[in-house]
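One structure is given below, encoded as structure tokens.
Below, all heavy atoms of this structure are taken into account, side chains as well, without hydrogens, waters or symmetry copies. These numbers were taken from a predicted model, which means no experiment stands behind them.
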Amino acid sequence: MPSNKRPTRIGMIVPSSNTCLEPQTYRILGDRQDVTIHSTRIPVTRIALDDSSDKQFDSSVMRAAAELLATANVDVIAWNGTSGSWLGAAHDHALVREITEATGIPATTSTLAYLEAFTAFGTERIGLFTPYTADVNDAVIASYGREGVKTIDHRHLDLSDNESFARVTDDEMLPGSLELAASHPDALVYLCTNLYGANITAEVETRTGIPVLDSVAVTLWQALKVAGAPLLDPKWGRLLADQVDSNDRRST
């Protein structure tokens, strides 16, 4: 007979052209045996502020992907993409309600994970780094502003082809990251689940003293929280580590 004991199962809806988040998630989990990751993909190839781009994130497509993940009896379903950061938090709140109503499984998104992290860690002022175009950054900044989070400085790489984001190197990210940290934000945000920001999180935190929140790590952190599993190693972002709860952090 099959065992009733199993690891925590995290279901992830993945942008089709994303080549970062799955290997990076496995890397972050390391040799942990208590969690497994299960993915399904939806068509996403381009990030821009127009109808053709927005249609990639239609809720019916997300729901169908979630229903596939539900057949694997996952414990949580995460839309592992940052589209809600420019479409608005209300978009993602509605999405998770629809997913949970369709599957009976708790859901989250990368955007909602960031908002949860901002609240948990008292993050009000951020430095924003993205691979996106300037207008997408502007939309993100406005959306975050409506949630009470101020972007005090930002950098963008002016890319729109989603596949290209994963080819941005550590050396290309580091100078802008250090410049953003110099403005002394509460946290530096690497926004995009197809960007290898977690590769340099520990270095940036060590060199600057500024906490770093990477999209892949933040989404995994929130999925683990929802599923009731232990959190992350500090090297992937000291705020996300499974050491001290958020109330203790705020009191220190």
Side-chain angles (χ1 to χ4, degrees), residues 8-25 36-117 130-133 135-140 142-144 146-147 159-166 191-195 215-216 218-227:
T8 297
R9 295 175 183 169
I10 296 176
M12 293 185 174
I13 302 173
V14 179
S16 59
S17 53
N18 187 311
T19 60
C20 166
L21 77 82
E22 290 155 314
Q24 190 75 306
T25 297
T36 57
I37 304 298
H38 310 275
S39 303
T40 191
R41 291 182 173 244
I42 64 167
V44 177
T45 59
R46 177 174 165 271
I47 302 301
L49 300 183
D50 57 44
D51 288 345
S52 64
S53 177
D54 291 351
K55 286 178 181 177
Q56 297 173 118
F57 312 113
D58 184 80
S59 62
S60 63
V61 176
M62 298 281 192
R63 185 176 63 250
E67 288 170 344
L68 285 175
L69 286 169
T71 66
N73 193 26
V74 295
D75 298 296
V76 59
I77 295 173
W79 158 230
N80 211 326
T82 55
S83 55
S85 59
W86 61 87
L87 295 176
H91 174 276
D92 278 20
H93 282 298
L95 174 63
V96 299
R97 285 195 299 271
E98 185 167 348
I99 288 174
T100 299
E101 287 171 1
T103 65
I105 296 170
T108 190
T109 73
S110 297
T111 297
L112 298 184
Y114 266 120
L115 295 179
E116 172 66 19
T130 85
Y132 307 137
T133 53
D135 58 341
V136 174
N137 261 35
D138 290 342
V140 172
S143 178
Y144 278 173
R146 291 190 292 272
E147 302 299 324
L159 302 174
S160 58
D161 172 26
N162 194 63
E163 185 277 332
S164 70
F165 302 162
L191 188 70
C192 179
T193 62
N194 201 23
L195 188 70
S215 292
V216 176
V218 168
T219 309
L220 178 58
W221 168 83
Q222 178 67 356
L224 290 168
K225 280 186 65 181
V226 172

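- Here the CG atom belonging to Leu21 is positioned 10.0 Å from the OG atom belonging to Ser215, to the nearest 0.5 angstrom.
- Scanning for side-chain contact (heavy atoms from CB on, under 4.5 Å) contacts around Ala166 gives Thr19, Cys20, Asn194, Tyr196, with sequence neighbours left out.
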Requested in this report: Just do the side-chain contact (heavy atoms from CB on, under 4.5 Å) check on Thr25 and Met12 with the steps written out, would you?
Outcome: CA-CA 11 Å; Thr25 297; Met12 293 185 174; 4.0 Å; yes
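- Side-chain atoms of Thr100 come within 3.5 Å of backbone N or O of Ile105 as a donor-acceptor pair.
- With sequence neighbours excluded, no residue satisfies side-chain contact (heavy atoms from CB on, under 4.5 Å) with Ala90.
- Judged as a side chain to side chain donor-acceptor pair (under 3.5 Å), and not counting sequence neighbours, Asp138 has no contacts.
- For residues 100-115, the set of pairs meeting the salt bridge (charged side-chain N to carboxylate O under 4.0 Å, His left out) definition, not counting sequence neighbours, is empty.
- When side chains are defined from C-beta on, Ile10 counts as touching Leu224, because their heavy atoms get closer than 4.5 Å.
- Side chain of Thr193 to backbone of Asn80: a donor-acceptor contact under 3.5 angstrom is found.
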**Report entry** side-chain contact (heavy atoms from CB on, under 4.5 Å) between Thr36 and Thr8, worked out
**Finding:** CA-CA 6 Å; Thr36 57; Thr8 297; over 6 Å; no
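- Residues satisfying the side chain to side chain donor-acceptor pair (under 3.5 Å) criterion with Thr108, sequence neighbours excluded, are absent altogether.
- Side-chain atoms of Ser16 come within 3.5 Å of backbone N or O of Val44 as a donor-acceptor pair.
- Nearest heavy-atom pair across Asn162 and Ser17 is ND2-OG, 2.8 Å.
- Shown here are the side chain to side chain donor-acceptor pair (under 3.5 Å) partners of His93, two or more places apart in sequence or in another chain: there are none.
- Under the salt bridge (charged side-chain N to carboxylate O under 4.0 Å, His left out) criterion, Arg97 pairs with no residue at all, not counting sequence neighbours.
- Here the CG atom belonging to Leu191 is positioned 4.5 Å from the OG1 atom belonging to Thr82, to the nearest 0.5 angstrom.
- For the salt bridge (charged side-chain N to carboxylate O under 4.0 Å, His left out) test, residues two or more places apart in sequence or in another chain that qualify with Glu163 are Arg167.
- The distance from the CG atom of Leu69 to the CD1 atom of Ile13 is 6.0 Å, given to the nearest 0.5 Å.
- Using a distance-only test at 3.5 Å, with no hydrogens or angles considered, a donor-acceptor pair links the side chain of Thr111 to the main chain of Ser85.
- Contact detail for Trp79 and Pro15: the closest heavy-atom pair is CH2-CG, 3.7 Å.
- Between the NE2 atom in His91 and the CG atom in Leu112 there is a gap of 10.5 Å [rounded to 0.5 Å].
- Applying the salt bridge (charged side-chain N to carboxylate O under 4.0 Å, His left out) definition to pairs two or more places apart or across chains, none involves residues 85-96.
- Sorted by first and then second residue, the pairs that involve residues 63-76 and meet side chain to side chain donor-acceptor pair (under 3.5 Å), not counting sequence neighbours, are Arg6-Asp75, Arg63-Glu98.
- Each of Val74, Ile77, Leu68 was scored for a side-chain contact (heavy atoms from CB on, under 4.5 Å) with Thr103, with one residue passing: Ile77.
- A distance of 5.5 Å separates CZ in Phe165 from SG in Cys192, rounded to the nearest 0.5 Å.
- Pairing each heavy atom of Ser164 with each of Asp161, the nearest pair is OG-O, 2.6 Å.
- Applying the salt bridge (charged side-chain N to carboxylate O under 4.0 Å, His left out) test to residues at least two apart or on different chains, the pairs with a partner in residues 8-25 are Glu22-Arg41.
- Asn137 contributes no side-chain N or O that, together with a main-chain N or O of Tyr132, makes up a donor-acceptor pair within less than 3.5 Å.
- Nearest heavy-atom pair across Ala139 and Trp86 is CB-CB, 3.8 Å.
- In terms of the side-chain contact (heavy atoms from CB on, under 4.5 Å) criterion, residue partners of Val226 (sequence neighbours excluded) are, by chain and number, Val76, Pro106, Gln222.
- Distance check: Thr130 OG1 to Ile47 CD1 gives 10.5 Å after rounding to the nearest 0.5 Å.
- Counting only distance, with no hydrogens or angles, the side chain of Thr219 and the backbone of Val216 share no donor-acceptor pair below 3.5 Å.
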